[in-house]
> 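Before I ask anything, here is the structure I am working with.
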Amino acid sequence: METAGIRVRFAPSPTGPLHLGGVRTALYNYLFARQNNGKFILRIEDTDQNRYVPGAEDYIIKSLQWCGLEFDEDLIKGGPYAPYRQSERSAIYKEYIGILLDRGHAYLAFDTAAELEDARNKFSNGHEQFQYGMKTRLQMKNSLSMTADEVKSRIDRGDRYVIRILIPENLTVIFNDLIRGEVKVLTDSLDDKVLFKSDGLPTYHLANVVDDYLMRISHVIRGEEWLPSAPMHLLLYRFFGWEYSMPQFAHLPLILKPEGNGKLSKRDGDRLGFPVFPIEWKDPSASEVSHGYKEDGYLPEAFINMLALLGWNPGTEQEIFTLDELISSFSLDKINKAGAKFDPAKARWFNHKFIQLKTGAELYAYLDPVLRSNGISADPEYVMKVISLIRERVELLPDLWKHSVLFFRAPDTYDPQVKLKIWQEGTSSFLEEFSAMLKGLDPFNKESLHALVEEFTAGKKIKTAQLMNPLRLLVVGSNQGPGMMDIAAVLGKDEFLERISKGLKNI
RNA sequence: GGCCCGUUCGUCUAACGGUUAGGACGUCAGGUUUUCAUCCUGGUAAUAGGGGUUCGAUUCCCCUACGGGCUACCA
């Protein structure tokens with residue numbers, strides 16, 4: 001039972017896709033482990049077979065892989081404390097619940113669902129709510145209220161039962177949360193939670209304590225929703241005699257909806273138009289597809305950076321971090337206590353920042369497959385020129401295509417709103433004339449073009465914009481895009497001229 | 001209802017008990033640009049309320065309000 005160093009675990013339940021908050025919990029565990037040369041462990045908490053969703057486990061692993069968070073021990077690569085899937089550890093839990101029973105810290109309860117329902121109705125009189133605990137346990141059907149013979153005969157005839165923790169009375173449980181400080185609870189407010197279900201599997205409460213102990217977990221970093229049951233977990237450690245080597249707890253604040261109140265949920269993403277999941281999730285039963293950050297064109301490093309700063313800050317004004325920088329700057333005591341509202345606009349801002357950090361070649365690697373799927377085979381050198389012109393306007397990866405398509409396809413429509421605004425009497429004839437002069441331009445480049453435009457507008461006594469805006473409309477189809485000279489120079493003389501004449505015909 | 005946790009600009013947040021309460025996102029206004037973006041500059045905007053403690057509270061304590069979480073044979 002020697003100290004095994006820093007060991008943390010991420011313990012998701014495979015009941016569906018992992019959302020933002022889950023990824024952040026994993027991230028904080030990862031950062032803490034890496035910073036302390038510790039181990040980062042994945043443990044699948046699948047003790048509820050009713051809620052098992054096929055594909056969820058795989059989804060969780062793939063998501064974290066995309067984020068770049070690698071485990072030291074998990075169900076694939078194994079480890080010294082395997083298995084890492086709780087459903088494969090049921091024998092272990094049986095053994096430990098036996099210890100609790102022997103020591104009188106747990107008891108058998110035979111109440112059926114209907115009986116529990118009855119009790120709830122009977123005891124909840126508007127002011128008070130039913131709690132299976134000190135005030136009620138003796139009136140229920142359990143090994144505390146029944147004789148030993150009665151219990152034995154019930155077991156013998158095959159009655160199903162659960163095993164509940166016996167919460168001691170009038171005891172103050174105190175523990176130190178690394179984020180919140182001292183948390184104090186009187187045991188009288190705790191109820192006799194089910195530790196072991198009638199299906200032979202433990203509940204979270206038992207499994208988590210037993211596994212954290214057995215796996216030598218040094219720090220439990222988990223969501224705030226576990227704070228209320230932490231005192232009960234502490235009691236469990238005490239009953240087992242493990243209090244001296246109990247992990248330290250850190251309960252993370254929740255991630256809230258961008259607007260309004262409450263926990264962030266999948267619905268918010270649908271409603272407000274941003275992903276809440278790291279990668280796309282296809283619901284196996286509902287044939288419904290939820291957006292993922294990956295597929296929407298976010299960079300994993302931007303996603304991670306954004307999550308890291310949602311509830312934690314480095315104490316400096318640095319906002320952009322590499323994973324390594326996050327590892328070295330991270331600290332549990334700079335995690336906030338209050339929940340943080342998620343801000344999709346800031347997520348996009350992070351992504352923009354990270355895209356600007358990419359090299360042209362990296363961006364090329366993203367754009368190239370898109371070009372191919374659109375049936376475009378362009379000279380790499382040409383594509384690189386295009387990328388350098390449009391890269392600064394790219395916020396999400398798909399913008400790469402959105403902003404570069406004009407270099408690969410001539411427009412077939414011309415924005416009527418823009419036309420209305422800029423097309424004047426005489427514009428067409430200006431353009432005809434200009435186009436004719438363009439034909440003889442040699443060499444054809446930004447500089448020569450510029451000179452020609454100056455000469456032309458001066459001769460016509462018109463503003464540069466009076467020529468350039470209509471020109472842009474013909475060549476691009478709208479009022480958007482990089483500088484007109486840049487576009488022309490990249491497009492080349494032939495294509496440029498062709499678009500002008502086609503435009504003049506069709507507009 | 002009970003128990004637990006929380007509360008600084010619209011949002012994320014900074015501030016050994018002493019700061020003109022700082023930064024970022026958003027937003028607004030200017031500038032750059034032949035367009036749209038980007039970019040640059042500037043502005044806007046906060047300590048929930050009330051009591052203490054203290055020479056002095058954003059900071060420490062209490063109360064109230066508000067918000068959140070938990071209250072399953074779910075995690």
Side-chain angles (χ1 to χ4, degrees), chain A residues 11-15 45-48 50-51 86 109 111-113 116 124-132 160-164 177 179-180 183-186 188-191 193-199 201-205 207-208 222-231 251 253-254 256 258-259 261-263 306 309-320 334 336-350 352 356 390-395 399 403 418 421-422 450 453 457 463-473 476 478-485:
Chain A
S13 172
T15 52
E45 311 236 325
D46 57 347
T47 52
D48 183 359
N50 297 323
R51 291 207 310 157
Q86 289 186 328
D111 316 276
T112 63
L116 284 170
S124 313
N125 51 24
H127 305 290
E128 265 183 290
Q129 221 165 37
F130 174 73
Q131 204 178 17
Y132 206 119
R160 290 166 72 86
Y161 60 87
V162 300
I163 300 171
R164 291 180 180 270
D177 186 276
I179 294 173
R180 284 150 217 285
V183 178
K184 245 190 258 187
V185 182
L186 187 66
D188 293 7
S189 71
L190 267 28
D191 56 349
K193 280 266 176 303
V194 172
L195 297 177
F196 212 84
K197 298 176 287 176
S198 60
D199 64 1
L201 286 172
T203 60
Y204 172 86
H205 305 297
N208 132 296
R222 78 223 306 187
E224 193 184 359
E225 67 269 29
W226 294 112
L227 198 50
S229 52
H251 288 97
L254 264 17
L256 278 15
E259 48 187 48
N261 305 320
K263 260 205 291 199
M306 176 273 294
L309 257 25
L310 203 57
W312 168 83
N313 77 86
T316 65
E317 281 176 5
Q318 183 178 357
E319 294 214 78
I320 301 299
K334 292 201 94 60
N336 279 306
K337 295 178 177 71
K341 284 190 180 177
F342 178 68
D343 181 1
K346 190 121 187 194
R348 285 194 299 272
W349 175 80
F350 273 110
H352 181 256
Q356 301 321 309
I390 56 126
R391 57 172 302 149
E392 66 188 17
R393 25 202 348 133
V394 177
E395 190 172 57
D399 297 341
H403 293 309
V418 177
K421 210 169 138 193
I422 61 164
H450 198 78
V453 167
T457 52
K463 286 187 207 151
T464 315
Q466 284 178 281
L467 172 65
M468 300 303 267
N469 288 339
L471 209 48
R472 173 180 296 276
L473 185 58
V476 178
S478 74
N479 62 342
Q480 310 217 322
M484 204 51 230
M485 303 294 185

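To find a chain, count down the sequence lines: A is the first, B the second, and so on, and within it residues start at 1. These numbers come from a predicted model, not from an experiment.
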> Take atom CE of M484(A) and atom P of rA37(B), then tell me their distance rounded to the nearest Å.
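Answer to the nearest Å: 17 Å.
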> Using a 4.0 Å heavy-atom cut-off across all strands, classify G311(A) as base, sugar-phosphate, or nothing.
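Sugar-phosphate, backbone atoms only, no base.
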> For atom NE2 of H450(A), is the number of surrounding heavy atoms from other residues, nucleotides or ligands below 6.0 Å larger than 12?
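It does not: H450(A) NE2 has 12 such atoms or fewer within range.
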> Given rG68(B), rA75(B), rA15(B), identify the nucleotide with an atom nearest to the side chain of K334(A).
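Minimum distance to the K334(A) side chain belongs to rA15(B).
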> Please check the phosphate of rC74(B) (OP1 and OP2 only) for any side-chain N or O of T15(A) closer than 4.0 Å.
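So the side-chain polar atoms of T15(A) never come under 4.0 Å of the phosphate oxygens OP1 or OP2 of rC74(B).
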> What is the distance from CD of E224(A) to P of rG67(B), rounded to the nearest Å?
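The answer, rounded to whole Å, is 16 Å.
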> What is the nucleic acid contact for S198(A), judged by heavy atoms within less than 4.0 Å: base, sugar-phosphate only, or nothing?
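Base: the residue S198(A), judged by heavy atoms under 4.0 Å, touches a nucleobase.
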> Please give the distance between the C1' atoms of rA14(B) and rC63(B) as a whole number of Å.
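rA14(B) and rC63(B) have their C1' atoms separated by 29 Å.
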> Taking all atoms of both residues into account, what is the closest heavy-atom pair of A347(A) and M306(A), and its distance?
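The answer is CA-CG, 3.8 Å.
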> With a 3.5 Å limit on both atom pairs, tell me what rG56(B) is paired to, counting Watson-Crick and G-U wobble, or say none.
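Partner of rG56(B): none found under 3.5 Å.
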> Using purine N1 to pyrimidine N3 plus N6-O4 or O6-N4 for Watson-Crick, or N1-O2 and O6-N3 for G-U wobble, each under 3.5 Å, what pairs with rA45(B)?
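With both distances under 3.5 Å required, rA45(B) matches none.
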> Go through rU34(B), rC70(B), rA75(B) for me and flag the one nearest to the N469(A) side chain.
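That would be rU34(B).
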> Counting any heavy atom closer than 4.0 Å, what does R164(A) reach on the DNA or RNA strands: base, sugar-phosphate only, or nothing?
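If one applies the 4.0 Å heavy-atom cut-off, R164(A) turns out to touch the sugar-phosphate alone, with no base involved.
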> Thinking salt bridges, do E319(A) and K346(A) make one under a 4.0 Å N-O criterion?
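Result for this pair is yes, salt bridge flagged.
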> So what does T316(A) touch, heavy atoms closer than 4.0 Å: a base, only the sugar-phosphate, or nothing?
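Nothing, no nucleic acid heavy atom in range.
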> Round to a whole Å and report the spacing from OH of Y204(A) to P of rU71(B).
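About 12 Å, once rounded to whole Å.
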> If you check every side-chain atom of E319(A), which of rC73(B), rU71(B), rA24(B) has the closest atom?
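Per side-chain heavy atoms of E319(A), the pick is rA24(B).
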> Just checking P12(A): base, sugar-phosphate only, or nothing, at a heavy-atom cut-off of under 4.0 Å?
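The residue P12(A) makes no contact with any strand.
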> Between rA75(B), rA37(B), rG6(B), which nucleotide gets closest to the side-chain atoms of A338(A)?
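Minimum distance to the A338(A) side chain belongs to rG6(B).
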> Tell me the interatomic distance from M485(A), atom CE, to rU34(B), atom C1', rounded to whole angstroms.
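Interatomic distance, CE of M485(A) to C1' of rU34(B): 7 Å.
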> For S478(A), report the nucleic acid contact type (base, sugar-phosphate, nothing); a contact means any heavy atom under 4.0 Å.
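Nothing: the residue S478(A), judged by heavy atoms under 4.0 Å, touches no strand.
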> Mind checking who rG10(B) pairs with, Watson-Crick or G-U wobble, both distances under 3.5 Å?
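The answer is rC25(B), by the H-bond criterion.
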> Using atom CG of D111(A) as one end and atom P of rC73(B) as the other, report the distance to the nearest whole Å.
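Going from CG in D111(A) over to P in rC73(B) covers 10 Å.
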> With respect to the side chain of Q129(A), which nucleotide from rA75(B), rU71(B), rC4(B) is positioned closest?
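Among the listed nucleotides, the one closest to the side chain of Q129(A) is rU71(B).
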> With respect to the phosphate group of rG10(B), does any side-chain polar atom (N or O) of K346(A) fall under 4.0 Å of OP1 or OP2?
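No, no such contact exists.
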> Counting just side-chain N and O atoms, does N313(A) come under 4.0 Å of either OP1 or OP2 of rA14(B)?
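Yes, because at least one side-chain N or O of N313(A) sits under 4.0 Å from OP1 or OP2 of rA14(B).
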> Indicate yes or no for a side-chain donor-acceptor contact from D46(A) to the backbone of Q86(A) under 3.5 Å, with no hydrogens or angles considered.
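The answer is yes, because a donor-acceptor pair under 3.5 Å joins these two groups.
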> Between Y161(A) and D111(A), do the side chains contain an N or O donor and an N or O acceptor separated by less than 3.5 Å?
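Looking only at side-chain atoms, D111(A) and Y161(A) do not form any donor-acceptor pair under 3.5 Å.
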> Heavy atoms only, 4.0 Å cut-off, all strands: where does N336(A) land among base, sugar-phosphate and nothing?
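Counting heavy atoms under 4.0 Å across all strands, the contact made by N336(A) is with sugar-phosphate only.
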> Decide yes or no for R164(A) and L195(A): does some side-chain heavy atom of the first lie under 4.5 Å from some side-chain heavy atom of the second?
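Not in contact.
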> Is a side-chain donor-acceptor pair under 3.5 Å present for R180(A) with H251(A)?
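Distance-only check fails for H251(A) and R180(A).
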> At 4.0 Å (heavy atoms only), tell me whether R180(A) reaches a base, stays on the sugar-phosphate, or touches nothing.
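Counting heavy atoms under 4.0 Å across all strands, the contact made by R180(A) is with sugar-phosphate only.
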> Is there side-chain contact between L310(A) and F342(A), with at least one heavy-atom pair below 4.5 Å?
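Yes. Closest side-chain heavy atoms under 4.5 Å.
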> V162(A) near the nucleic acid: base, sugar-phosphate alone, or nothing, with a heavy-atom cut-off under 4.0 Å?
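V162(A): base contact, heavy atoms under 4.0 Å.
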> Taking the side chain of K197(A) as its heavy atoms from C-beta onward, which of rG1(B), rC74(B), rC25(B) lies nearest to it?
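Among rG1(B), rC74(B), rC25(B), the one nearest the side chain of K197(A) is rC74(B).
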> Between rU71(B), rA75(B), rC3(B), which nucleotide has the shortest distance from any of its atoms to the side chain of V185(A)?
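Nearest listed nucleotide: rC3(B).
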> Taking only the side-chain heavy atoms of W349(A) (C-beta and beyond), determine which of rU35(B), rC25(B), rC4(B) contains the nearest atom.
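Of the options given, the side chain of W349(A) lies nearest rC25(B).
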> Could you state the NE2-P distance from H205(A) to rC73(B), rounded to the nearest angstrom?
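For the pair H205(A) NE2 and rC73(B) P, the rounded distance is 10 Å.
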> Under 4.0 Å between any heavy atoms, over every strand shown, what does K263(A) touch: base, sugar-phosphate, or nothing? Just pick one.
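Sugar-phosphate contact only - K263(A) comes under 4.0 Å of backbone atoms but never of a base.
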> Which part of the nucleic acid, if any, lies within reach of G262(A) when heavy atoms closer than 4.0 Å are counted: base, sugar-phosphate only, or nothing?
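Touches sugar-phosphate only.
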> Could you state the CD-P distance from E225(A) to rA75(B), rounded to the nearest angstrom?
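The distance from CD of E225(A) to P of rA75(B) comes to 13 Å, rounded to the nearest Å.
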> Partner lookup for rU32(B), please. Criteria are Watson-Crick or G-U wobble with both distances under 3.5 angstrom; report none if nothing qualifies.
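rU32(B) is unpaired by these criteria.
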> Tell me what H352(A) touches on the nucleic acid: a base, only sugar-phosphate, or nothing, going by heavy atoms under 4.0 Å.
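Here H352(A) touches the backbone only, sparing every base.
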> With both distances kept under 3.5 Å, what pairs with rC70(B), Watson-Crick or G-U wobble?
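Per the H-bond distance test, rG2(B).
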> Choosing from rG67(B), rC74(B), rU71(B), which nucleotide comes nearest the side chain of D48(A)?
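Among rG67(B), rC74(B), rU71(B), the one nearest the side chain of D48(A) is rC74(B).
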> Report yes or no: does R472(A) contribute a side-chain atom to a donor-acceptor pair with the main-chain N or O of Q480(A) at less than 3.5 Å?
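Looks like yes, one N/O pair under 3.5 Å.
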> If rG17(B) has a Watson-Crick or G-U wobble mate with both distances under 3.5 Å, name it; if not, just say none.
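The answer is none; no pair meets the criterion.
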> Please state whether the phosphate of rG68(B), meaning OP1 or OP2, lies under 4.0 angstrom from any side-chain nitrogen or oxygen of K341(A).
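Checking K341(A) against rG68(B): no side-chain N or O falls below 4.0 Å of OP1 or OP2.
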> Between L190(A) and Q131(A), which residue's closest nucleotide on RNA chain B lies nearer the 5′ terminus?
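The residue closer to the strand's 5' end, by nearest nucleotide, is L190(A).
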> Checking contacts here: which listed nucleotide (rU34(B), rG26(B), rG22(B)) is nearest the side-chain heavy atoms of T464(A)?
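The answer is rU34(B).
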